[in-house]
Amino acid sequence: MIKVENVIKNYGSVEALKGVSFEVEKGQLYGLIGPDGSGKTSLFRILTSLLIPTGGKASVKGFDTVKDYKSIRKIVGYMPEHFSLYMDLTVEENLQFFATVFNTTVEENYHLIEDIYKMLEPFKDRRAGALSGGMKQKLALSCALIHKPDVLLLDEPTTGVDPVSRKEFWDMLRKLKDTGLTTLVSTPFMDDAELCDEVALIQNGNILTIDTPANVAAKYPHKLWKVETENNYKTLKALDNFEEKISAFSFGHSVHLATNDNVPEKAIREHLLKSNIKVDKIEPIKASIEDVFMELMR
Amino acid sequence: MDNKVIVAKDLTKKFGNFTAVDHITFDVKQGEIFGFLGANGAGKTTAIKMLTGILSSTSGIAKVAGYDINKERNELKKNIGYMSQKFSLYEDLTLKENIRFYGGIYGLTKKQIVTKTGELIERLRLSHIENTLISEIPLGWKQKIAFSVAILHHPKIVFLDEPTSGVDPITRRQFWNLIYEAAEDGITVFVTTHYMDEAEYCDRISMMVQGKMKAIGSLHELLEKYNAKDMDEVFLKLAR
């Protein structure tokens with residue numbers, strides 16, 4: 001449904017995309033996972049025909065993003081990172097506006113947005129500018145869906161959104177997937193990746209890896225330990241001179257320590273005790289997408 | 001009383017008949033890393049605006065760095081630092097020019113500015129880009145620079161409003177190392193975040209729900225009280 005082949009985008013001397021390739025199949029919920037500045041937005045703008053790539057090519061549903069730009073614009077629903085809504089129109093007016101622009105009516109495709117829009121209906125006469133962040137995001141998604149697109153392109157829909165609204169948003173995306181919609185979504189939150197069918201990790205204009213979330217996590221090459229102590233900061237300092245350490249990073253109230261396969265738990269425990277650190281728990285764990293991302297970045 | 005950097009009692013802000021912040025009472029100790037969580041629209045930004053002397057309270061009182069937030073705003077502003085996810089740095093000034101500009105704003109002497117500039121650039125290892133425009137510096141570095149500039153005048157407390165939004169996972173952790181260093185140096189850190197792993201790095205965590213401070217305590221206290229395995233679970237339980 002989406003095909004990106006060796007796409008390059010330069011802005012003057014800045015290389016935003018350095019030859020990116022991936023494919024999204026029909027019906028997939030596909031995640032583009034990476035921090036700000038990794039090239040995600042440039043890629044979305046190329047796919048929506050708003051930007052011409054410096055090199056390579058891309059297509060959506062067989063339409064070339066440069067040659068067939070008019071066709072592309074009819075079949076994609078696009079939610080840019082910064083809200084695309086008209087702040088001085090009401091909730092209802094925004095929705096009607098987007099339906100009209102695409103030559104359709106709200107009634108015709110209401111079934112597509114019913115679940116999401118129901119939550120907004122009590123506020124349908126409120127100006128979009130006066131909605132909370134979570135509400136704006138639901139309205140923007142409704143507006144991107146109202147013309148029944150074949151492909152939904154969502155650029156960082158959950159940035160700046162609190163954990164509860166973020167969870168609700170992903171529940172909506174899973175439901176939309178069940179209707180057969182193809183979705184490409186970008187996010188800087190590594191834990192969002194686990195909710196996608198397939199993910200591409202992106203950093204500095206390069207794809208680091210592409211696979212299912214479970215396979216990406218399984219690619220982690222070292223033995224990984226979760227170390228819980230009284231204090232992460234002291235623990236990380238103490239691990240600086242632990243010879244068996246490959247890497248150590250804070251994860252909430254614990255530290256994830258990577259070592260070679262043959263290192264026993266006892267060695268870690270004794271090293272920390274030597275530095276006068278009280279150890280609560282040390283246990284082997286499976287790597288998360290975030291562990292893999294940091295390993296690939298190193 | 002001396003080592004309390006924030007003392008808030010029944011702090012309230014109303015906009016018309018909407019109560020954005022509803023009688024919040026809490027205090028923050030010197031050198032503490034204090035997490036201030038809440039859903040979008042729970043009143044966090046309004047509370048921060050009051051605590052930084054930008055917005056006056058409708059009722060209730062608060063002292064920050066020893067100054068009354070309504071009556072001693074000018075003194076208050078000299079003794080705090082502030083950084084948000086939207087950059088506070090000037091994009092068309094160089095790194096060095098930004099430091100000099102903020103040093104001047106914070107009332108440092110020329111000599112102090114020279115010393116502080118050298119220290120900051122050395123600590124962040126940025127001497128190779130000291131004359132580069134901020135607009136040409138990568139995001140992760142900008143965040144670290146913005147934080148260092150926000151504490152240039154060694155304030156009693158620094159307010160960080162979603163400082164790591166969108167930053168890569170390694171830079172996010174390096175940023176937190178800067179926070180720990182500042183706290184060890186005696187600077188109190190008041191921080192909001194949507195990353196729950198970051199909430200767990202705080203000495204104490206508070207949670208706003210519809211204008212009220214619904215929970216406050218150390219991570220272990222909150223996990224026990226809400227019978228949860230991590231902050232993500234606590235957040236979901238409280239906000240829903």
Side-chain angles (χ1 to χ4, degrees), chain A residues 12-14 33-38 40 81 130-137 156 158-168 186-191 201-204 230-234 236-237 247-256 280 288-298, chain B residues 33 37-42 44-45 85-86 136-143 161-162 164-174 176-177 179-181 183-184 192-203 207-209 218-220 223 229-240:
Chain A
S13 61
V14 179
I33 317 295
D36 288 359
S38 56
K40 302 191 300 295
E81 184 189 346
L131 295 173
S132 72
M135 291 282 191
K136 273 186 196 150
Q137 177 210 40
E156 295 207 18
T158 56
T159 291
V161 168
D162 69 72
V164 172
S165 305
R166 193 149 65 90
K167 209 167 183 322
E168 284 174 2
S186 71
T187 175
F189 288 96
M190 301 289 142
D191 50 346
L201 306 190
I202 186 168
Q203 161 85 355
N204 291 333
E230 53 187 335
N231 183 314
N232 276 4
Y233 189 55
K234 284 186 199 154
L236 289 171
K237 276 203 167 155
S247 71
F249 293 109
S250 279
F251 269 76
H253 62 285
S254 57
V255 167
H256 286 191
D280 293 331
S288 65
I289 303 275
E290 190 153 351
D291 291 301
V292 176
F293 198 98
M294 288 196 284
E295 175 66 23
L296 293 171
M297 271 180 78
R298 283 202 307 134
Chain B
I33 302 174
L37 310 185
N40 301 117
K44 296 193 301 288
T45 303
Q85 84 254 46
K86 292 180 201 94
E136 288 164 15
I137 293 178
L139 172 89
W141 293 6
K142 276 199 248 186
Q143 301 279 43
D161 196 359
E162 288 185 42
T164 57
S165 189
V167 174
D168 74 70
I170 291 185
T171 307
R172 217 149 61 75
R173 287 165 173 82
Q174 291 169 343
W176 272 88
N177 284 340
I179 292 184
Y180 286 129
E181 281 170 18
E184 283 200 340
T192 75
T193 179
H194 288 317
Y195 289 98
M196 290 304 114
D197 59 333
E198 293 187 350
E200 295 188 0
Y201 303 155
C202 299
D203 296 321
M207 169 97 180
M208 294 284 289
V209 181
S218 70
L219 173 69
H220 289 286
L223 294 185
K229 67 173 191 314
D230 55 23
M231 259 324 282
D232 203 42
E233 208 179 319
V234 174
F235 192 102
L236 294 180
K237 279 186 177 172
L238 281 166
R240 275 216 165 127

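Within every chain, numbering begins at 1; the chains are lettered A, B, ... in the order of the sequence lines, protein sequences first and strands thereafter. None of these values were measured; they are calculated from a predicted model.
- Heavy atoms closer than 4.5 Å to chain B are found in both the backbone and the side chain of Ser250(A).
- In terms of non-hydrogen atom pairs under 4.5 Å with chain B, the most contact-rich of Gly37(A), Gly160(A), Pro35(A), Pro163(A) is Pro163(A).
- The salt bridge (Lys or Arg N to Asp or Glu O under 4.0 Å) search around Glu230(A) returns none, not counting sequence neighbours.
- Residues Thr159(A) and Glu81(A) have side chains that never bring a donor and an acceptor to within less than 3.5 angstrom of each other.
- Between the side chain of Asp36(A) and the backbone N or O of Val167(B) there is no donor-acceptor pair closer than 3.5 Å.
- Ring geometry, Tyr201(B) versus Tyr180(B): the interplanar angle falls from 30° to 60°, so the pair is classed tilted.
- Phe251(A) touches chain B through backbone and side chain together, each having a heavy atom under 4.5 Å away.
- Using a 4.5 Å cut-off between heavy atoms, Leu236(B) touches chain A through backbone and side chain atoms alike.
- Per-residue heavy-atom pair counts under 4.5 Å with chain A were compared for Thr193(B), Asp232(B), Ile170(B), and the maximum is reached by Ile170(B).
- Looking at residues two or more places apart in sequence or on another chain, you find no salt bridge (Lys or Arg N to Asp or Glu O under 4.0 Å) involving Lys44(B).
- The choice from Phe293(A), Phe189(A), Tyr233(A) that makes the most heavy-atom pairs within less than 4.5 Å of chain B is Tyr233(A).
- Of the atoms belonging to Glu198(B), not a single heavy atom falls under 4.5 Å from chain A.
- Residue contact with chain B, scored on non-hydrogen atoms closer than 4.5 Å, involves the side chain of Met190(A) exclusively.
- Scanning both residues, Met231(B) and Ala199(B), for their nearest heavy atoms gives CG-CB, 4.1 Å.
- When heavy atoms are compared at a cutoff of 4.5 Å, Val14(A) does not approach chain B at all.
- Of the two parts of Gln174(B), neither the backbone nor the side chain holds a non-hydrogen atom closer than 4.5 Å to a non-hydrogen atom of chain A.
- Between His253(A) and His220(B), the two ring planes are perpendicular [angle over 60°; tilted spans 30° to 60°].
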